[in-house]
Structures are given as C-alpha cells and as structure tokens.
There are 2 protein chains.
Amino acid sequence: MDAPLPELPDPSSWPDVPTIYDVAKACGVAPSTVSRAFSRPGRVKAETAERIRETAAAMGYQANPLARALPTGRSSLLALVVADVTNPFFFDIIRGAEQAATSAGYTLLVADVHESAEAERTAVDRTISLVEGLALATTRMSNSSIRVAAKQRPTVVLNRVLPDVPSLVTDNAGGIEQAVEHLVALGHRTITYLAGPEASWADGMRWRALLKAAEQQTDTVRVRRLGPFSPTQAGGFTAAESYTTSAGSAVIAYNDLMAIGFMRGLARRGVEVPRDVSVVGFDNIFGSDLCSPQLTTVGSPLRHLGTMAVELLLTAIRSRSTDTGPAAAPPARPSLLPTQLIVRASTAPAA
Amino acid sequence: MDAPLPELPDPSSWPDVPTIYDVAKACGVAPSTVSRAFSRPGRVKAETAERIRETAAAMGYQANPLARALPTGRSSLLALVVADVTNPFFFDIIRGAEQAATSAGYTLLVADVHESAEAERTAVDRTISLVEGLALATTRMSNSSIRVAAKQRPTVVLNRVLPDVPSLVTDNAGGIEQAVEHLVALGHRTITYLAGPEASWADGMRWRALLKAAEQQTDTVRVRRLGPFSPTQAGGFTAAESYTTSAGSAVIAYNDLMAIGFMRGLARRGVEVPRDVSVVGFDNIFGSDLCSPQLTTVGSPLRHLGTMAVELLLTAIRSRSTDTGPAAAPPARPSLLPTQLIVRASTAPAA
DNA sequence: ATGAAAGCGCTAACAG
DNA sequence: CTGTTAGCGCTTTCAT
C-alpha cells in the first residue's frame with residue numbers, strides 16, 4: 001500500500017557527496033569517461049583511467065549504487081525474507097545464503113517480517129526493485145503474490161511448493177523415516193507425534209510421513225497424534241501437560257523448540273528423559289545441544305537450503321543477461337534436500 | 001571497491017512491469033497526475049484519483065521504489081548492520097529495531113557481515129544510498145569509515161563510542177556493579193572475571209568496572225582475571241580447564257555464551273554449579289535459560305538498544321526534511337542504557 | 001579513445 | 001486541479 005508521503009519542504013535532503021560530474025570536471029574529461037574508467041576499464045586509455053581513479057579516490061567519490069541500479073538493474077544485492085530472524089530455525093539458512101552470496105560478490109539483505117503476511121508484502125514491494133534476486137524462506141504470502149514477485153526478479157521459495165516458482169524443500173518424509181527407524185531400533189513400539197500449527201505445510205508433511213511409516217510396519221509400530229500446539233517452547237510445555245506416559249515411551253515433536261519445551265514440561269512433572277520417555281526433535285536448530293538432555297533430532301539441511309537458494313538465484317540472474325530470454329528458466333520441480341539424524345542424549349532404549 | 005562489471009548483452013534485463021507512463025496513457029492523464037494520485041492524494045480531484053488508482057491496480061502497477069528514491073531520497077528503508085545474525089546477542093536488538101521501524105512505517109533491512117570488516121564496508125557502500133538511515137551494531141569499521149557513512153545518512157552506532165556520531169551503549173559498569181552486589185550478598189568474597197577478546201571495547205569496560213567495584217569495597221571483595229578467551233562456548237569451555245576452584249567460588253563471564261561453555265566445562269570436570277561455584281553471565285541472550293543450570297546473568301538492554309537506535313534515526317530523518325539544516329543534529333553524547341540483573345539458577349550462597 | 005546525448009521511472013517545481 | 005518541463009546520478013548507444 002502506498003501511504004501518502006509526508007511533504008518534504010527541504011529539497012536538498014542529503015549533504016552533497018561528490019558525483020560523477022564532479023570527478024569529470026576535476027579531471028577535465030566527460031562523465032561517460034569516468035563511468036567507463038570504473039566499469040569498463042579496458043575501454044579507456046590506461047593512463048587516463050588511472051588518473052581518474054586517483055582523483056576520484058582523493059575526492060572520496062563512490063558511485064551511487066542506487067543511480068547505477070536504475071538504468072542497469074545491477075545492484076549486487078540479494079534479498080532473503082524470513083518470518084523471524086530470531087527463530088534459530090533460520091540461522092543456518094541465513095548463514096548459508098550469506099556465505100554463498102558473499103563468495104559470489106553479492107551482498108545479502110535479510111528482511112525480518114515478524115510473522116506478518118502484510119509486513120512481508122510491503123517488504124517485498126519495497127525491496128524487489130533494489131535487488132537482483134529474491135529468496136523467500138517459509139513465506140506467508142499468497143501464491144499469486146509470490147508469482148507476481150517471481151515475474152519481476154528471479155525468485156526462489158524455501159519450504160513450500162509452488163508449481164511455477166523454483167522451490168527448495170526439506171525431505172520431511174525421509175527425516176521422519178530416520179527418526180522412526182531410530183526409535184524402533186531402540187525398541188519403542190508406540191510413537192506420539194506432537195503436532196505443530198495446522199496451517200503449517202511442513203507439519204502436514206511430517207505427520208503424513210509418520211502415518212505412512214507406521215503403515216509400512218503395521219505390526220511393530222503404532223502412532224498417535226497430540227496437538228496442534230504452538231511451535232514454540234511454550235507449546236511443547238503445554239503438550240507435556242496433556243501427555244500420558246502410559247500411551248507410549250517415544251515422542252517425535254514437530255520441531256526442536258517444541259521438543260525442548262516438552263522435555264522441560266516433563267521434567268517439571270517428574271518424568272525423566274530419556275529414562276521414561278525418548279524425545280526426538282526436528283531441524284537441529286541452535287540450542288538443541290544446549291538443553292538438557294541434549295536433544296536427538298532430525299537435522300534439516302538448513303545451511304544447504306540457504307546456499308542452494310542463492311545459487312539458484314545466481315544461475316537465474318546470469319542466464320537472464322546471457323541467454324535468449326526466459327527459456328533458460330531453472331527447473332520448476334521442487335528440489336528435495338536430505339535430512340540427517342543427529343543422535344544425542346534424549347533417546348534411549350525402551351524400558 | 002568497484003569490480004569491473006560483466007558485459008550485459010541483453011539490455012532488456014527484466015520483464016516489463018507497468019510503469020507510470022502506462023498507467024497515465026491508460027487513464028488519459030499526464031504521468032505527474034498519476035504520481036500525485038498516489039503520493040499527494042489531496043492535490044488531485046477525488047474522482048480522477050480514484051479512477052487512476054483503480055486502473056493502476058487492475059494493471060498491477062506498483063511504483064518502482066528505486067526510481068522513486070532516486071529523486072526524493074525516500075525509500076522507507078532503514079539498514080541495520082550486524083556482525084553475525086546468528087549470534088543471539090543480536091536477537092533482541094534486531095527485534096527491537098524491527099518493531100520500531102515497522103510501527104513507523106519503515107522496513108528494516110538487516111545486513112549480516114559475518115564478522116568481516118571488509119564485508120561490512122561493501123555492505124554499507126552498497127546499501128547506504130538505498131536507505132534513509134543506518135544503524136551499526138558493534139561495527140568493525142574504522143572511525144573514519146563510520147564518519148563517511150554518517151555524512152551521507154543519519155547514522156547511529158551501538159556499543160561503541162565515537163565523538164561525532166550518535167551512539168548507544170549498554171551501561172556495562174552498572175551491570176557489573178549489579179552482578180558484584182548480587183555475589184557479595186550471597187557471601188562470595190573472590191570474583192574471577194573470564195575475559196573476552198582483548199580488542200573488545202565492552203570487555204575493557206566490564207573488566208575495569210569490576211576492578212573499580214572491588215576497590216570500592218577493598219576489604220570485602222577481591223577480583224582476579226582469567227583470559228582472554230574467545231567469546232564463545234568453546235572459549236568458556238577452555239576457561240574451565242584452567243580454572244582452579246581454590247581461588248574463589250564466584251565467576252563473572254564476559255558474556256553468556258562463555259558462561260555457558262564454562263559451566264559445561266566445569267560439569268565435565270565434576271565441578272557443580274552453583275554448589276561449588278556461582279556463575280554470572282552477561283547480556284541475557286536467547287539460550288541463557290535453555291542451559292542447565294539456567295544462567296544468572298546481567299541483562300543488557302538489547303531490545304531497548306534496537307528500538308532506540310531506530311528512533312534516533314527517525315528523529316534525524318524527520319529533522320532533515322523540516323529543519324534548517326544540520327543544526328538540529330541529535331545529541332552526540334553516547335546514551336547509556338541500563339542493565340537488569342536476571343537471577344536464575346547458576347548462583348547460590350557461598351559454601 | 002573519448003565526447004555528446006538520450007534515457008532508466010519517478011517527482012517537483014512551474015505554468016496555466 | 002492538471003499538463004509541461006526539468007532533472008535525480010549513472011550508463012550506454014552513437015558519433016567523432
């Protein structure tokens with residue numbers, strides 16, 4: 001939404017930094033030559049170029065990236081939109097994306113939209129024209145909004161599948177299978193799933209995967225479901241209150257935060273992990289090795305998601321400038337990234 | 001530094017989104033009228049404005065924020081530069097800044113510069129012309145680089161004092177005093193300080209404050225110093241190896257991460273917290289209540305730092321457009337924000 | 001190898 | 001109230 005902008009009585013808003021014209025005048029050359037001296041070094045006499053760069057440096061000239069981006073579309077900027085920077089889930093995604101961007105000479109801008117679809121839309125609207133590519137991590141925007149964005153800049157979505165937009169998702173089913181195998185190997189026969197938010201796509205995937213895993217070995221494993229709960233420590237704590245140990249000795253939580261809260265809730269009730277119940281989390285976020293007992297968890301390929309998102313964007317960006325149009329679009333198939341089970345101290349053989 | 005840009009064979013880089021001219025033509029009005037319909041609703045006939053906005057919406061027109069920012073300087077964007085988004089220290093700073101920015105109608109862009117001064121410089125160079133204000137959280141840039149930035153956009157630095165640039169810092173001395181009082185009240189008489197990186201400004205402040213606090217009560221408290229250590233869990237773990245309980249029963253760590261690592265190191269050696277030694281952290285980061293025992297810590301006004309940084313920026317931005325120039329600069333005095341001691345389970349009365 | 005000129009998309013003075 | 005004009009700072013043809 002375009003809120004009416006305030007009046008701006010003083011047009012000379014920012015103090016003057018030297019422009020390309022200032023440098024040109026100081027060097028006695030045309031502005032275009034200065035421009036070339038920076039961006040097309042080959043096309044200007046070496047000696048002149050050198051002189052220009054020196055005086056430019058002396059004057060403290062810095063090309064205005066905004067003005068440069070307007071005609072060219074090149075800002076060397078990438079945006080990563082996350083629902084909540086302080087959710088450790090995003091840590092490694094950010095780290096991975098950051099690193100991939102940096103090593104390709106790009107700067108990654110992270111926009112935190114505090115779980116608000118509206119904030120997300122305005123963040124995207126405000127930044128999309130500034131960046132060369134856009135990665136949406138667990139976006140809340142509508143499919144159509146995403147498509148609109150994808151039409152303007154190379155876009156990739158994480159942890160969501162969308163027919164027309166390249167997407168990267170965690171292999172939830174595979175992860176659940178790993179967890180089930182682990183618990184079964186430990187002798188557990190009933191597994192309780194602590195459900196996350198109903199609206200969550202990942203929650204659905206994980207629960208269905210668990211059901212399927214159970215079907216495949218009908219005689220050995222039974223599953224039940226508790227929830228939904230908020231995907232937070234508080235949610236897990238609540239879950240612990242309604243948990244009855246009689247119904248089984250193994251739990252898989254929707255995510256690590258819930259698992260940690262759940263263990264804390266159990267502790268308060270005098271139930272001991274892993275002696276009385278084994279707990280498996282999901283994602284392997286920062287903090288899952290801080291809690292006690294340290295959490296056994298299905299590690300999501302978080303970092304990989306981040307790097308790969310950026311690499312997809314870079315590929316798309318490069319193909320835009322070299323290829324013959326939108327033909328060379330990246331694969332629209334969602335890529336499934338594998339999980340890895342991290343066994344720590346919250347799981348143990350069934351009594 | 002300006003790396004030579006690659007050639008760009010295809011000038012029509014991005015697919016066409018409707019421009020203001022398209023809307024103008026479709027409505028049979030001048031482009032300036034369309035512009036006004038959006039940014040100066042009062043100055044165009046209500047009926048015309050309505051019609052324009054409708055067709056614009058129908059065409060999917062979105063003003064290009066980049067093109068708008070070039071002549072006006074208004075992008076509704078603020079940048080927050082942090083050394084490492086995944087360091088929980090920055091969580092509440094980001095949250096606070098985010099929230100203040102959002103409620104003022106701005107979008108906050110977070111740039112993670114992974115502890116690299118060079119990456120920080122290029123991030124600042126690339127974004128400064130796009131944003132209306134810049135907050136540097138624990139920057140590694142040189143004072144002169146900071147000043148250069150501050151000359152171009154309202155700038156505020158966090159946790160660093162710089163004569164000419166507005167700055168916000170945690171009241172380290174006050175925090176240390178609170179910790180000392182707490183430990184003394186519990187009967188501890190010797191306090192060991194686990195030092196952080198020598199280059200850290202905050203580390204110096206904290207250690208000196210501790211020395212001073214000890215001087216003020218010469219007969220009751222003695223302090224000693226161990227370190228420097230890396231300000232991480234690993235650093236704390238290392239510290240635990242060289243720690244001798246004989247030398248006292250109370251420890252104040254440079255920060256929470258170190259404190260947590262330290263406790264973990266002690267545990268491995270069979271030393272129990274808080275029975276054998278009381279540990280106080282600093283900052284109250286996310287995770288300080290996840291570890292066990294939960295950490296007693298000096299809570300830094302993290303969130304407050306974030307909101308205040310943004311508020312300072314907004315004030316400066318507003319005064320730029322209304323006032324008579326750089327006279328109405330914000331106070332150059334660094335503002336000291338108070339800490340709050342959070343007593344949890346890692347401290348107990350001296351044996 | 002360099003200069004001149006046109007324009008990226010939008011806004012803001014200046015006329016009417 | 002609305003159209004016309006002139007840029008914001010930079011890049012990129014097109015000339016020379």
Side-chain angles (χ1 to χ4, degrees), chain A residues 2 4-14 16-25 27-52 56 61-76 128-130 152 321, chain B residues 2 4-14 16-25 27-52 56 61-76 128-130 152 321:
Chain A
D2 275 286
L5 301 165
E7 301 274 344
L8 143 143
D10 181 3
S12 68
S13 29
W14 306 122
D16 287 314
V17 291
T19 75
I20 202 173
Y21 299 108
D22 301 327
V23 178
K25 193 181 299 171
C27 294
V29 298
S32 57
T33 306
V34 176
S35 173
R36 281 191 282 254
F38 282 106
S39 38
R40 301 261 182 289
R43 306 206 179 171
V44 54
K45 196 165 40 162
E47 170 190 322
T48 325
E50 186 53 32
R51 185 166 48 93
I52 291 176
Y61 168 75
Q62 279 285 120
N64 181 332
L66 191 141
R68 163 178 287 180
L70 185 50
T72 62
R74 284 192 251 98
S75 61
S76 299
I128 195 159
S129 64
L130 315 174
Q152 294 181 61
S321 40
Chain B
D2 276 286
L5 299 167
E7 301 274 343
L8 141 143
D10 180 2
S12 69
S13 30
W14 306 124
D16 286 315
V17 291
T19 74
I20 201 172
Y21 299 106
D22 301 325
V23 178
K25 193 180 298 173
C27 294
V29 298
S32 58
T33 305
V34 177
S35 172
R36 280 190 282 254
F38 283 106
S39 38
R40 301 261 183 290
R43 306 207 179 172
V44 54
K45 196 164 41 162
E47 170 189 322
T48 325
E50 188 52 32
R51 185 166 48 95
I52 292 176
Y61 168 75
Q62 277 286 119
N64 181 333
L66 190 140
R68 163 180 286 180
L70 186 50
T72 63
R74 283 191 251 101
S75 61
S76 300
I128 195 159
S129 64
L130 314 175
Q152 294 180 61
S321 41

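Note that the structure is a prediction, hence the values are computed from the model and not measured. Throughout, a chain's letter reflects where its sequence line sits, starting with A, and its residues are numbered from 1.
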Are Val29(A) and Arg51(A) close enough, and set up right, to give a side chain to side chain contact (heavy atoms under 4.5 Å, CB included), and what steps lead you there?
CA-CA 11 Å; Val29(A) 298; Arg51(A) 185 166 48 93; 4.2 Å; yes
Lys25(A) atom NZ is separated from dC10(D) atom C1', nearest whole Å, by 17 Å
Interatomic distance, Arg43(A) atom CZ to Ser35(A) atom OG [nearest 0.5 angstrom]
11.5 Å
Between atom OG of Ser129(A) and atom CD of Gln152(A), what is the distance when rounded to the nearest 0.5 Å?
8.0 Å
Out of dC10(C), dA12(C), dC10(D), which has the shortest distance to the side chain of Thr19(A)?
dC10(D)
Protein-nucleotide distance (Tyr21(A), atom OH; dC10(D), atom P), rounded to Å:
8 Å
Select one nucleotide: of dG9(C), dT11(D), dT11(C), the one nearest the side-chain heavy atoms of Arg68(B).
dT11(C)
In whole Å, what is the span from the CG atom of Leu70(A) to the C1' atom of dT11(C)?
13 Å
Rounded to whole Å, CG of Leu66(B) lies from C1' of dT11(C) at a distance of 14 Å
Of Val23(A), Thr19(A), Asp22(A), which is the lone residue that meets side-chain contact (heavy atoms from CB on, under 4.5 Å) with Val34(A)?
Val23(A)
So does Ser35(A) get a side-chain nitrogen or oxygen closer than 4.0 Å to the phosphate oxygens (OP1/OP2) of dT11(D)?
yes
For the rings on Tyr61(A) and Phe38(A), is their centre-to-centre separation under 6.0 Å?
yes
Side-chain N or O of Tyr61(B) versus OP1/OP2 of dC10(C): is the shortest distance under 4.0 Å?
yes
Approximate separation, where rounding is to 0.5 Å, of Arg40(A) CZ and Ser32(A) OG:
12.5 Å
What is the distance, rounded to the nearest whole Å, between atom CD of Gln62(A) and atom P of dG9(D)?
15 Å
OP1 or OP2 of dT12(D) versus the side-chain N and O atoms of Arg74(A): is any pair under 4.0 Å?
yes
May I have the step-by-step check of side chain to side chain contact (heavy atoms under 4.5 Å, CB included) for Leu66(A) and Leu70(A), ending in yes or no?
CA-CA 6 Å; Leu66(A) 191 141; Leu70(A) 185 50; 5.8 Å; no
Grab the CG-C1' distance between Asn64(A) and dC8(D) for me, whole Å please.
9 Å
Taking every non-hydrogen atom, the tightest pair across Arg74(A) and Arg68(A)
O-CG, 4.2 Å
Could you check how far CG of Asp22(A) sits from P of dC8(D), rounded to whole Å?
11 Å
Hey, what do you get for CG (Asn64(A)) to CD1 (Ile20(A)), rounding to the nearest 0.5 Å?
10.5 Å
Leu130(B) CG to dC10(D) P: how many Å, rounded?
13 Å
Give me, pair by pair, the N or O atoms of the protein and of nucleotides 1-3 of chain C that are less than 3.5 Å apart, along with how far apart they are.
| residue | atom | partner | partner atom | Å |
| --- | --- | --- | --- | --- |
| dT2(C) | OP1 | Thr48(A) | OG1 | 2.9 |
| dT2(C) | OP2 | Lys45(A) | N | 2.7 |
| dG3(C) | OP2 | Ala30(A) | N | 2.8 |
| dG3(C) | OP2 | Thr33(A) | OG1 | 2.7 |
| dG3(C) | N7 | Arg36(A) | NH2 | 2.9 |
| dG3(C) | O6 | Arg36(A) | NH1 | 3.4 |

So for the helix from dA1(C)-dT16(D) to dG16(C)-dC1(D), with five pairs setting each end axis, what is the inter-axis angle to 10°?
40°
